[in-house]
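Just so you know, ligand 1 is whichever comes first in the structure, and atom 1 is the first atom listed for that ligand. These values consider heavy atoms only, across backbone and side chains, with no hydrogens, waters or symmetry-generated copies.
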Amino acid sequence: MPTQTWAPATEDRSREAFGQPLPGLPDALRDAFFRGRTLFRQNWVIAPSRDTEVDGLGPLHNRISCIACHNGNGKGHAPNGPGERARALLLRLSVDGQDKHGGPRPHPVYGDQLNEDSIPGVPPEGRVRVSWQEKIVKLADGEPVSLRRPSIAIDEPGYGPLGPAQVSARIGPGVFGLGLLESVEIQTLKDLAAESRSTGMQGRLNIVYDAASNRQIPGRYGLKSNRSTLRDQIAAAMHGDLGITTTLMPAQNCTPVQSACRSQPHGGMPELTDTQLDDLEVYLAWLAPPAPRPAASAAVKAAVLRGQAAFGAMGCAACHRPELPLGKHHLLGDLSGQRIAAYTDLLLHDMGEDLADHRPDFLASGREWRTPPLWGISLLHMMNDRVGYLHDGRARTVQEAILWHGGAAAVARDRYATAPREERQALLEFVESR
Ligand code: HEC
Ligand code: HEC
């Protein structure tokens with residue numbers, strides 16, 4: 001195999017770090033990139049409006065812009081207690097069974113996501129209430145760590161009691177480097193899955209419905225790899241989070257029984273034009289991942305290198321892959337010969353009962369989650385004063401996130417918990433410098 005070069009990352013370490021295009025953005029795509037950026041940051045308004053470009057909010061929705069949950073294009077956090085409103089956290093809903101494409105079967109009244117907000121004249125669906133139970137676990141050398149488990153309730157349900165429902169609380173992840181993740185070839189993911197099975201890490205592809213091609217294809221976006229392409233993920237976010245229709249998802253986000261929702265004026269058919277969808281796709285595909293934090297001193301550099309070795313030795317790298325080779329991408333061009341350090345395999349892994357949401361999502365079971373990329377972790381606090389790790393934001397620190405690992409990752413977790421303090425600190429130094 002010819003030697004591979006690292007795909008470019010941005011050296012920007014300011015609050016704009018997650019908003020930089022990869023080098024080489026062609027002139028022909030420049031305007032689209034900046035239009036996409038505006039659309040991502042834009043507040044949508046209620047239809048009809050003279051401002052015809054961005055009307056059609058709701059009728060049911062969670063927020064009025066994409067950036068509201070993806071602050072600075074980074075990662076959000078969970079509410080600290082029942083009194084705090086959910087910001088970047090949303091609830092996916094369903095009932096037992098599958099829809100006609102093999103995906104989750106939406107709740108007959110509330111649909112597939114709890115929409116906490118709505119336009120005037122339409123009852124909102126309810127409010128998420130998150131409360132926490134703390135427990136103390138001890139590392140092998142006696143160091144105590146406090147872990148908190150969420151319990152989720154829905155206050156003021158707008159359309160009657162939910163009854164039996166599957167509920168999955170999810171935090172908005174960072175949205176940079178996504179075009180590079182889409183450039184990893186399917187064959188590479190299949191090879192990784194085969195290798196992962198042979199080493200007991202049980203990684204597997206999710207296979208999901210893709211509206212654009214009307215086919216079942218591997219998923220790589222969403223916390224259970226539950227969305228196919230970046231374009232499909234954008235359309236789903238527009239639909240589920242803002243109530244904006246696209247040609248991919250043309251029906252308003254109302255269930256058959258939500259009559260007030262169904263009778264509201266819309267903001268065009270579809271509300272987001274194909275050109276606007278193109279612009280958002282160009283924007284998100286071209287956003288660069290940040291380079292790791294440069295070490296502030298020789299001592300830090302040495303610790304990071306020790307931590308990198310521990311990351312391999314403890315088995316973290318078996319799922320959080322330090323290198324992924326790239327192929328061709330319809331917007332980024334031919335990236336063959338380049339590789340990325342995203343620290344993911346984009347595969348699903350059984351993470352054990354403690355992290356289970358008991359809500360299957362296409363092939364993903366209630367215990368399986370996609371390995372989240374770890375790149376950009378050193379900058380997350382710059383975009384958000386608080387950061388929540390793991391799917392529901394329960395972990396307040398990287399160490400807490402590691403200690404929640406179970407299932408196929410239990411061995412790696414135990415290696416961490418029993419490692420000498422110095423090695424643990426080096427590992428954290430490494431992860432937190434990515
Ligand atoms: C209410 C908060 C919220 C809003 C508003 C929101 N998102 Fe998200 N976003 C999330 C959550 C939560 C996920 C994970 C979803 C899942 O696992 O199914 C996500 C996932 C994503 C992903 C996939 C990232 C990955 O690593 O797989 C992209 C891309 C994305 N959102 C783009 C958007 C766009 C574009 C908008 C505006 C149309 C938007 N989001 C609005 C919360 C939000
Ligand atoms: C079997 C695969 C696997 C192994 C091994 C593994 N992880 Fe993970 N890791 C995951 C998955 C899957 C998640 C997401 C779980 C969730 O959201 O509930 C995750 C989440 C994380 C997160 C939180 C990231 C975020 O954005 O929320 C960190 C940090 C992390 N892992 C670090 C590590 C470290 C350090 C090790 C080694 C001690 C390790 N992981 C071993 C699969 C693995």
Side-chain angles (χ1 to χ4, degrees), residues 36 39-40 42 44 61-70 75-76 86-92 113 115-116 168-178 181 196 200-203 219-227 230 233-242 244 272 280-281 283-284 307 310-311 314-320 343-352 354-357 361 368-374 376-377 380 387-395 397-402 404-405 407-417 419 427-428 430-432 434:
L39 284 166
F40 195 81
Q42 188 89 51
W44 285 74
H61 60 99
N62 286 72
R63 308 300 297 271
I64 62 174
S65 69
C66 304
I67 198 85
C69 289
H70 299 284
K75 191 171 170 63
R87 302 212 147 263
L89 180 133
L90 59 80
L91 299 188
R92 299 228 168 287
Q113 180 173 325
N115 289 128
E116 293 190 276
S168 179
R170 301 189 190 182
I171 286 280
V175 292
F176 48 85
L178 299 180
L181 292 179
S196 184
M201 292 299 116
Q202 303 172 18
R220 54 181 97 199
Y221 298 110
L223 307 189
K224 283 186 189 264
S225 288
N226 45 303
R227 306 266 25 145
L230 185 51
Q233 167 67 67
I234 295 166
M238 277 287 166
H239 192 252
D241 305 339
L242 304 185
I244 303 293
L272 186 84
L280 271 165
E281 194 189 356
Y283 173 60
L284 290 174
F311 193 78
M314 290 179 188
C316 315
C319 302
H320 298 280
Y343 302 95
T344 175
D345 55 8
L346 297 173
L347 300 176
L348 300 172
H349 296 271
D350 182 332
M351 293 299 284
D354 279 344
L355 287 176
D357 67 351
D361 210 332
E368 284 177 314
W369 298 97
R370 175 191 73 171
T371 312
L374 302 179
I377 220 166
L380 292 177
V387 177
Y389 300 103
L390 300 174
H391 62 272
D392 52 16
R394 66 177 69 186
T397 61
V398 170
Q399 171 163 269
E400 288 182 27
I402 298 170
W404 278 109
H405 281 51
V411 174
R413 175 204 60 209
D414 290 345
R415 286 190 188 126
Y416 175 84
L427 177 94
L428 296 178
F430 168 71
V431 172
E432 287 165 4
R434 295 301 91 186

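Annotation: atom 14 (C) of ligand 2 to nearest protein heavy atom, Pro372 CD, 3.4 Å. The protein atom (non-hydrogen) at minimum distance from atom 27 (O) of ligand 2 is Leu390 N, 2.7 Å. Closest protein heavy atom to atom 19 (C) of ligand 1: Pro173 CD, 3.5 Å. Closest protein heavy atom to atom 38 (C) of ligand 2: Cys316 SG, 2.7 Å. Ranking the protein heavy atoms by distance from atom 16 (C) of ligand 2 puts His391 ND1, 3.4 Å first. The protein non-hydrogen atom at the shortest distance from atom 4 (C) of ligand 2 is Cys319 SG, 3.4 Å.
Using a cutoff of 4.0 Å between basic side-chain nitrogens and carboxylate oxygens, Lys224 and Asp357 are scored as salt-bridged.
Rounded to the nearest 10 degrees, the angle NE2 (His320) to atom 8 (Fe) of ligand 2 to NE2 (His405) equals 180°.
Aromatic ring orientation, His391 versus Trp369: parallel (interplanar angle below 30°, classes split at 30° and 60°). Between Tyr343 and Phe430, the two ring planes are perpendicular [angle over 60°; tilted spans 30° to 60°].
Near Gly222, with a cut-off below 4.0 Å to any heavy atom, the atoms of ligand 1 are 16 (C), 17 (O), 25 (C), 27 (O). Listed by atom number, the atoms of ligand 1 under 4.0 Å from Asn226 heavy atoms are 16 (C), 17 (O), 18 (O).
At least one heavy atom of Gly315 sits less than 4.0 Å from an atom of ligand 2. Taking 4.0 Å as the cut-off, Glu368 does not count as a neighbour of ligand 2 on heavy-atom distance. Within the structure, the closest approach of Gln202 to ligand 2 does not fall below 4.0 Å when heavy atoms are considered.
Comparing Arg415, Arg170, Lys75, Gln399 against atom 25 (C) of ligand 2, the shortest heavy-atom distance belongs to Lys75. Comparing heavy-atom distances from atom 42 (C) of ligand 2 across Glu432, Met314, Glu400, Met351 singles out Met351 as nearest. By heavy-atom distance, the residue among His61, His70, Arg370 lying nearest atom 30 (C) of ligand 1 is His70.
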